[in-house]
Every structure is written in structure tokens, then in C-alpha cells.
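For reference, the structure discussed in these notes is given below.
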Amino acid sequence: MPHQKTVFDTASKASHDYRQSLSARPVMPDAASLARLKTLHGPLPIEGEDEIAVIDRLHDIGSPNTVATTGGRFFGFVVGGALPVSVAASWLASTWDQNAGSWLLSPIAGELEVIAGGWLLELLDLPRDAAFGFVTGATMATYSSLAAARSSLLNRQGYDVKKSGLTNAPRLRVVMSEEIHPTNIAALGYAGIGTDQIEYCPVDDQGRIIPSAMPRLDPLTIVMLQAGNINSGAFDDFETVCEMARAVGAWVHVDGAFGLWARTSQDKAHLTSGIDLADSWSVDGHKWPNLTQDSAVYFCRDSEAVHDVFGVDATYLMKDANRQPNNFTPELSRRARGIEFWAVLKTLGANGVASIVDRSCAHAQHFAEGLRQAGYKILNDVVLNQIVFVADDEAQTRRALKYIQDSGQLWLGPTHWKGHYAMRISVSSAATTEDDVTACLKIMTNAYHESQK
Ligand SMILES: *Cc1c(COP(=O)(O)O)cnc(C)c1O
């Protein structure tokens, strides 16, 4: 029988065409493409259409209206860019359509989570017996960690939050800097911890918490630290703060959304020194190791606290000796994220992950040198993949940014840093090459000259 073209063939060809088109298209959709978004609207279809035609249309209108974050010239946010193997593993996982809630429902998903979790603890050099859960992003990773922190700290006070709720619970305190990524405040809210409970701490010129200026910690305090400031890329002083916290029984959580991966690099690991002394950590898969979106992990030293929060006992879930994925995450039914993690770690190896980090950081150095030569001022110490820079004054910075964005050849965005309106570069995709950096520097150099006119 001749092979009949299926919807999978259509999607596969569209995917190949899309990846091929990346170097020839603008990073952001152009006006003509955006105008075509309107053609997707219309009444609810009463009778369905042919599935191949639907996927064709999705490709025709959808692909030009994506942001080319999987290409090598998007530097706007730390979003990574899916590696081919990430996409391929995610295809297969979607084809399997496994429900990763329980081991029984998907032995392959359950087993790969165990393996990937163990590999990640080793790769990131965190306590090997820490609990871990595969969630959507760093925000939910931090929420999961905070829920465990809350349970653990309150339990130590003899208060069972699972049974009694938060209303009459001893008051928790949170110590962090105003430089913390705003999603951490959202995560605190999901965990029932309000903004009035936050005590902000001063930071230095790179956005690092100043340990000697921290308020007194106590056994009801959660300290939130950062591995990788979203502007400067700076790392907090984990060693000092963790020791202060340990001395009084406070909890330390580390937001390591992208920065925790620095731990895999021989050159950069020193930035994370003492991070293993913390109590919980969040890290994104969809950022530096370049997995597809919707992929993060949290790790928590206190596995009993994790079980206290997420442990679900129901006869129909058929508990057995295997690790039950749903006992570690807020969801029951969910995507089997461990599959892609396993495939990417197997493909890259520890050295391959480190190499993505190292190459991104080398590109950032190259950018910083080129930008200085062009006449820009770099505002941060470029220790990682992040660069914050300005032209001569705010009006010129705004003109330069517009020139860069209008070029369509690369994309980066604005930020506010230490009282300056500035531009920011984040290098986080393995797809970025030296040639990309050189070509982008040319455009940014022209932008500087144009901004002076
Ligand atoms: C991206 C990021 C977050 C939020 O992560 P999501 O995966 O988008 O939920 C939190 N903190 C830092 C430092 C980040 O870079």
C-alpha cells in the first residue's frame, strides 16, 4: 500500500520548513504577517474541516507570526531556544500522550523522571537525596518550594498547616532584595504569603543582597536568594547567607531560573559557591539547556515537607514501590516533562550543557567588547550572559534601541537599571553563533552612530 499522507507528515514538513526559514526572516513578525492574524478569526466552526488543511493553515499564518526565539538572534529575555533533540523528544512524548500523574499510567514517564531527576541533582551538585518535581516554569518551581518551606517551618513550631490552614498560623517572614524577579512575589502569593510579610534588603551595585544589611533572621523566616540577576546576571553570596540562616533555623530558597546552570561550567561554577547549603532551588529547563517551553524543576532538601504538601493518597492511583510523580507536583494529570529532560541530558551530556553556558557567556563577552568599542557604556559587570548598556543619554538610548528593533535582524528590549533607562542583552540559545554576534554588533554600532544625529 502506498503511504497515505497523514497529518503527522504535514506537521513534520512544516516544522522542517520553519526551522530552515529562521535565518532568512525577521526576528519579530513583520506588519504584513501580523495583519494576517485577523484572518484566523471567524465564527465557531459548526462542521469541522480536514485536519491536514487545518495544520497547513496553522503553518501558513502561524509560523510567520512567531517570535524567532529558536533562531540565533533573539536576545530580549532569557528564554532559550529549543534544541532539535528537545523538539523531537517532545514530539514523541506528545505522540505517546502519556499522563505523567502516576507511575501506573506511564511507566516510561515515571521512570525517566526518576533518572532525569537523579542526573540533574548530580549535574547541579545538589544534595543527592533532595526531592524534585517537574513543573511548568520557575514560577511554579518556586511556588512548590515555598509550599514545602511553609509546611516545614510551621511544623517545626508544632503547627500543622495542612490540617489547620494558614488563618491562625504563626506569621512567616520573607527576606529578599527588591532585585528579586517579580515572579517570586507571585509565587509567595500562591503560597498564601502576602507582600506585607516581605522585608526588603539593600543590594550592592550589581544587585546582590548585602548580607550584613539583612534583618535578623529567625526560625519563621524564608530567605529568597538569586542565582542570576535578570539584569546583571549577578549571584548572591550563598555561603554567607546560608550559614546565617542555618544558625537560626531559617529557610533559604534560591531562584536559579537560568543561573543555576552556571554550576555545570568549570569557569562559572565559582559563582554558585555555597548554593548547595540552601533548602530549596528552582531552575528552568526551557531556558539554558534549551528544552521546549513549559519545563522546569524544583529541588527540596526536606522531602517530608514535599510529601506533606503534595502527597496524594487515593486507592485508585494504585500506590506501589515506584516513585509516584504526582506526589511531587501541584498537578495530577500533566505533561511528562521528564522524557525531554532525559533525552536532552543523554544527548548533550554534562559537557554539552556546560558548553551551551560557556558559549553563551563567551558571546556576551564579545558583545560587551564590541559595544564598548562602538561607544556604548556597559552598566554591569558581565559575569554571565547578561549585558545592560546605554548610549550617551536616555533619548539616544531610546533612538538606538528603536534602530536596532526596526532592523528586524535581531531583537533586544529595554530595562531599568540603577536609575537608568537601558538596553539589555541576554544570550541563552545554543543557536547563536559567532557570526550572529559579529553581524549584530555591526547593526548596534550603526545604531549608536544614528542615535547621535
Ligand atoms: C524566567 C525567570 C523566572 C520565571 O520563570 P518562568 O519559567 O517564566 O516561570 C524567575 N526568575 C528568574 C531569575 C527568571 O529568569
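All ligand and atom numbering here is 1-based and tracks the order in the structure.
- Of all protein heavy atoms, the one lying nearest to atom 9 (O) of ligand 1 is T139 OG1, 2.6 Å.
- Contact between K287 and ligand 1 is present, with at least one heavy atom of the residue lying under 4.0 Å from the ligand.
- When only non-hydrogen protein atoms are considered, atom 5 (O) of ligand 1 lies nearest to A138 CB, 3.1 Å.
- Taking every non-hydrogen atom of G137 and a distance limit under 4.0 Å, the qualifying atoms of ligand 1 come out as 7 (O), 9 (O).
- A centroid separation of less than 6.0 Å is found between the aromatic rings of F367 and F75.
- Of the listed residues (T183, T136, D255), the one carrying the non-hydrogen atom nearest atom 13 (C) of ligand 1 is D255.
- Ring pair H416/Y421 is perpendicular by interplanar angle, where above 60° counts as perpendicular and below 30° as parallel.
- Under a 4.0 Å criterion applied to the non-hydrogen atoms of H286, ligand 1 contributes the atoms 7 (O).
- Residue contacts with ligand 1, taken as heavy atom pairs separated by less than 4.0 Å, do not involve F77 at all.
- In this structure, the side chains of P330 and Y190 stay at 4.5 Å or more apart for every pair of heavy atoms.
- In summary, the atoms of ligand 1 found under 4.0 Å from a heavy atom of I230, numbered by their order in the structure, are 15 (O).
- Within 6.0 Å of NZ in K162 there are more than 12 heavy atoms belonging to other residues, nucleotides or ligands.
- In K418, the NZ atom is crowded: over 12 heavy atoms of neighbouring residues, nucleotides or ligands sit closer than 6.0 Å.
- In the displayed structure, F77 atom CZ is contacted under 6.0 Å by at most 12 heavy atoms of other residues, nucleotides or ligands.
- Short contacts between ligand 1 and A257, defined as distances under 4.0 Å to a heavy atom of the residue, involve ligand atoms 2 (C), 3 (C), 10 (C), 11 (N), 12 (C), 13 (C), 14 (C), 15 (O).
- Within the 4.0 Å heavy-atom cutoff, V78 does not count among the residues contacting ligand 1.
- Between F134 and T329, the closest heavy-atom pair is O-CG2, 3.4 Å.
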